[in-house]
Number of protein chains: 2
Amino acid sequence: MSDMPRVAAVAALLGDPARANIMNALLDGRALMAKELAFAARVSPQTTSGHLAKLTQAALLTVEQQGRHRYFRLASPLVGQMLESIMAVAGAETPRTATSWKGGEPLRNARTCYDHLAGRLGVALADALTQRGYIALSPDGGEVTEAGHAFLRDFGAEPGLGKRVFCRPCLDWSERRPHIAGRLGAALACRCFDLGWVARLRDTRAVAITPIGRTGFAARFGVTLSG
Amino acid sequence: MSDMPRVAAVAALLGDPARANIMNALLDGRALMAKELAFAARVSPQTTSGHLAKLTQAALLTVEQQGRHRYFRLASPLVGQMLESIMAVAGAETPRTATSWKGGEPLRNARTCYDHLAGRLGVALADALTQRGYIALSPDGGEVTEAGHAFLRDFGAEPGLGKRVFCRPCLDWSERRPHIAGRLGAALACRCFDLGWVARLRDTRAVAITPIGRTGFAARFGVTLSG
DNA sequence: GCGATGGTTCGGTCTCCACCGAACTGTCAT
DNA sequence: ATGACAGTTCGGTGGAGACCGAACCATCGC
């Protein structure tokens with residue numbers, strides 16, 4: 001009984017329709033801007049701002065400033081599971097969602113996340129590069145080692161210059177572990193598309209790993225995917 | 001977004017500290033009286049009454065009238081899971097609970113529920129008696145057949161007379177299937193204790209199945225438990 | 001019958017909070 | 001610089017609801 005106040009506080013946050021709509025809009029793991037969430041919540045931007053402040057304060061959401069935009073996303077997979085379990089009790093239809101979407105198998109296997117690779121493939125690449133000592137991911141950024149730069153140059157995926165962050169871990173909503181975002185992630189993805197290792201599928205963010213890609217990922221990264 | 005109002009309504013119910021305390025008190029699957037819940041919630045009985053009405057109205061709790069008492073319990077295992085997932089996010093210590101209590105293995109195996117047997121043993125006994133055509137359980141009561149009376153007489157567990165309900169299914173919170181309550185359940189449990197088939201453990205409602213009991217349950221009921 | 005006890009309903013108070021209009025800060029573009 | 005846009009802070013309003021005192025209904029025990 002001692003720490004029930006804490007769960008009541010969390011539940012109360014979800015107990016407001018506007019905030020519930022916000023959480024629902026984020027349930028698929030995307031990161032959305034405050035304005036989009038205001039639209040989803042069907043309340044004014046000012047009100048939304050207050051809601052978002054409370055939700056991030058309570059660590060249900062995380063923010064990511066990017067220029068004049070602020071991107072909000074679910075703080076952890078636990079939060080998504082919580083929402084789903086409440087939906088189950090509320091008798092709501094569980095929409096396409098991170099953990100429980102039967103038709104999402106291709107998406108979980110490999111997909112694009114903005115302009116970089118995600119899903120099992122994205123996480124596997126991040127793991128491979130980390131394990132070989134090419135990159136070092138930390139919560140607030142990522143470093144590329146000397147050997148890593150050589151490897152990337154050789155692979156043909158050297159990121160260009162730009163003011164965008166160079167390398168950043170991005171929490172993968174289906175795998176719940178980080179994959180590589182930033183200029184490096186974009187360069188890697190771009191090179192994989194150029195090599196014909198992966199191919200976009202129609203009307204979806206899922207990507208297919210081609211036969212050539214299968215051997216290529218295995219040879220260059222030691223990555224083999226069952227799917 | 002369409003059915004988010006429903007989840008907001010559920011969450012709002014849990015968002016009140018008093019109601020959260022009530023739910024927490026019921027989290028272990030027991031059925032408690034309104035007055036006990038008022039104490040747990042730390043509010044007056046009148047206020048508690050209102051809360052309980054709302055919670056049952058929303059199908060988070062079920063009531064069971066018994067004389068002038070009303071016993072409340074969680075409406076379904078889904079509700080318990082929901083509470084636990086919220087606790088996980090809220091960072092609260094998860095107390096002994098139905099689905100996720102590592103130390104509860106003995107309790108899940110065999111325990112007393114008021115004065116009758118529950119857990120895997122209790123459910124197995126109910127199944128055995130049902131399958132052999134000795135009893136027939138229905139949601140609102142239970143019947144004992146001719147053969148069943150003979151069996152019980154032979155076993156030495158014929159229930160005495162009394163105004164208490166004779167035979168009633170009682171939803172087992174760990175097995176999520178009914179075991180036998182009522183005078184019949186009490187008589188069965190009493191006989192099992194007398195025969196030395198089961199023994200109470202200190203400071204807990206868990207009971208141990210003795211070696212004699214193991215062979216006895218197998219011989220008379222065809223019941224064998226792995227634990 | 002009687003009082004005692006568990007539980008509910010009613011009425012009124014009081015606090016909390018979602019909401020928006022208006023004004024403000026900061027970033028991007030030209 | 002200037003305007004456009006994203007987002008926040010502030011102040012005030014209105015409604016929802018948690019709470020309890022008091023009265024009421026039902027059941028139990030004698």
Side-chain angles (χ1 to χ4, degrees), chain A residues 1 4-5 7-26 30-58 60-73 162-165, chain B residues 4-26 30-58 60-73 162-165:
Chain A
M1 54 167 162
M4 269 300 117
V7 343
V10 171
L13 284 176
L14 304 175
D16 178 77
R19 282 191 295 256
N21 281 329
I22 288 175
M23 299 301 281
N24 183 50
L26 295 170
R30 286 176 306 169
L32 295 178
M33 296 187 299
K35 200 168 195 185
E36 304 178 271
L37 292 172
F39 179 78
R42 307 179 163 278
V43 290
S44 70
Q46 311 95 292
T47 305
T48 305
S49 177
H51 288 319
L52 291 173
K54 283 176 185 158
L55 290 169
T56 57
Q57 170 73 16
L60 297 187
L61 299 183
T62 57
V63 215
E64 207 169 313
Q65 191 103 23
Q66 219 166 93
R68 58 179 162 178
H69 302 282
R70 300 187 73 189
Y71 285 95
F72 293 85
R73 69 171 71 222
K163 53 184 183 291
R164 181 174 163 202
V165 61
Chain B
M4 268 299 117
R6 281 222 295 273
V7 344
V10 171
L13 285 175
L14 305 174
D16 179 76
R19 283 192 295 257
N21 281 329
I22 289 175
M23 299 302 280
N24 183 50
L26 295 170
R30 285 177 307 171
L32 295 178
M33 295 188 300
K35 201 169 195 185
E36 305 179 272
L37 292 171
F39 179 78
R42 308 178 161 280
V43 290
S44 70
Q46 311 96 291
T47 304
T48 305
S49 177
H51 287 319
L52 291 173
K54 283 176 185 158
L55 289 170
T56 56
Q57 169 74 16
L60 296 187
L61 299 183
T62 56
V63 214
E64 210 168 313
Q65 191 104 24
Q66 217 165 97
R68 59 178 162 178
H69 302 282
R70 301 187 74 189
Y71 286 94
F72 293 85
R73 70 170 69 222
K163 55 183 182 297
R164 180 176 163 199
V165 62

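Naming convention: chains lettered A, B, ... in sequence-line order (proteins, then strands); numbering from 1 in each chain.
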Could you pull out every donor-acceptor pair under 3.5 Å between side chains of residues 8-20 of chain B and any protein atom, sequence neighbours left out?
| residue | atom | partner | partner atom | Å |
| --- | --- | --- | --- | --- |
| B:Asp16 | OD2 | B:Ala18 | N | 3.0 |
| B:Asp16 | OD2 | B:Arg19 | N | 3.3 |
| B:Arg19 | NE | B:Leu13 | O | 2.6 |
| B:Arg19 | NH1 | B:His51 | ND1 | 3.1 |
| B:Arg19 | NH2 | B:Ala12 | O | 3.4 |

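- Between the CZ atom of A:Phe39 and the P atom of D:dG7 there is a distance of 15 Å, given to the nearest Å.
- Side-chain nitrogen and oxygen atoms of A:Arg70 include at least one within less than 4.0 Å of the OP1 or OP2 phosphate oxygen of D:dT8.
- A straight line from CZ of A:Arg42 to C1' of C:dC20 spans 18 Å, rounded to a whole angstrom.
- Once rounded to the nearest 0.5 Å, the distance linking OH of A:Tyr71 with CD of A:Glu36 reads 7.0 Å.
- Ranking D:dG7, D:dC19, C:dG7 by closeness to the B:Ala18 side chain, first place goes to D:dC19.
- If you measure from atom NZ of A:Lys35 to atom P of C:dG26, you get 20 Å, rounded to the nearest angstrom.
- Look at CG on A:Asp16: it is 17 Å from P on C:dC16, rounded to the nearest Å.
- For CD of A:Gln65, the number of neighbouring non-hydrogen atoms (other residues, nucleotides, ligands) closer than 6.0 Å is greater than 12.
- At the phosphate of D:dG17, neither OP1 nor OP2 sits under 4.0 Å from any side-chain N or O atom of B:Lys54.
- Comparing the end axes of the helix from C:dG1-D:dC30 to C:dT30-D:dA1, each fitted to five base pairs by superposing C1' atoms of four pairs onto the next four, gives an inter-axis angle of 30° (nearest 10 degrees).
- Side-chain proximity of B:Val43 to C:dC19, C:dG6, D:dC20: nearest is D:dC20.
- A distance of 7.0 Å separates CG in B:Leu37 from CZ in B:Phe72, rounded to the nearest 0.5 Å.
- Atom pair A:Phe72:CZ and D:dA6:C1' shows a separation of 11 Å (rounding to whole Å applied).
- The OG1 atom of A:Thr48 lies 5.5 Å from the CD1 atom of A:Ile22; values are rounded to the nearest 0.5 Å.
- Considering all non-hydrogen atoms of both residues, A:Ala53 and A:Thr56 come closest at O-OG1, 3.0 Å.
- Summarising the geometry, the separation between CD on B:Gln57 and C1' on C:dT8 is reported as 15 Å, rounded to the nearest angstrom.
- If you take CG on B:Leu61 and CZ on B:Arg70, they are separated by 11.0 Å, rounding to the nearest 0.5 Å.
- Between B:His69 atom NE2 and C:dA4 atom C1' there is a gap of 12 Å when expressed in whole angstrom units.
- Distance B:His51 NE2 to C:dT8 C1': 14 Å, rounded to the nearest Å.
- The side chain of A:Arg68 places no N or O atom within less than 4.0 Å of a non-bridging phosphate oxygen (OP1 or OP2) of C:dT25.
- With values rounded to the nearest 0.5 angstrom, A:Phe39 atom CZ is found 12.5 Å from A:Met33 atom CE.
- Distance CG/A:Asn21 to CG/A:Leu26: 11.0 Å, rounded to 0.5 Å.
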Anything under 3.5 Å between a protein N or O and an N or O of nucleotides 9-13 of chain C, put it in a table, one pair a line.
none

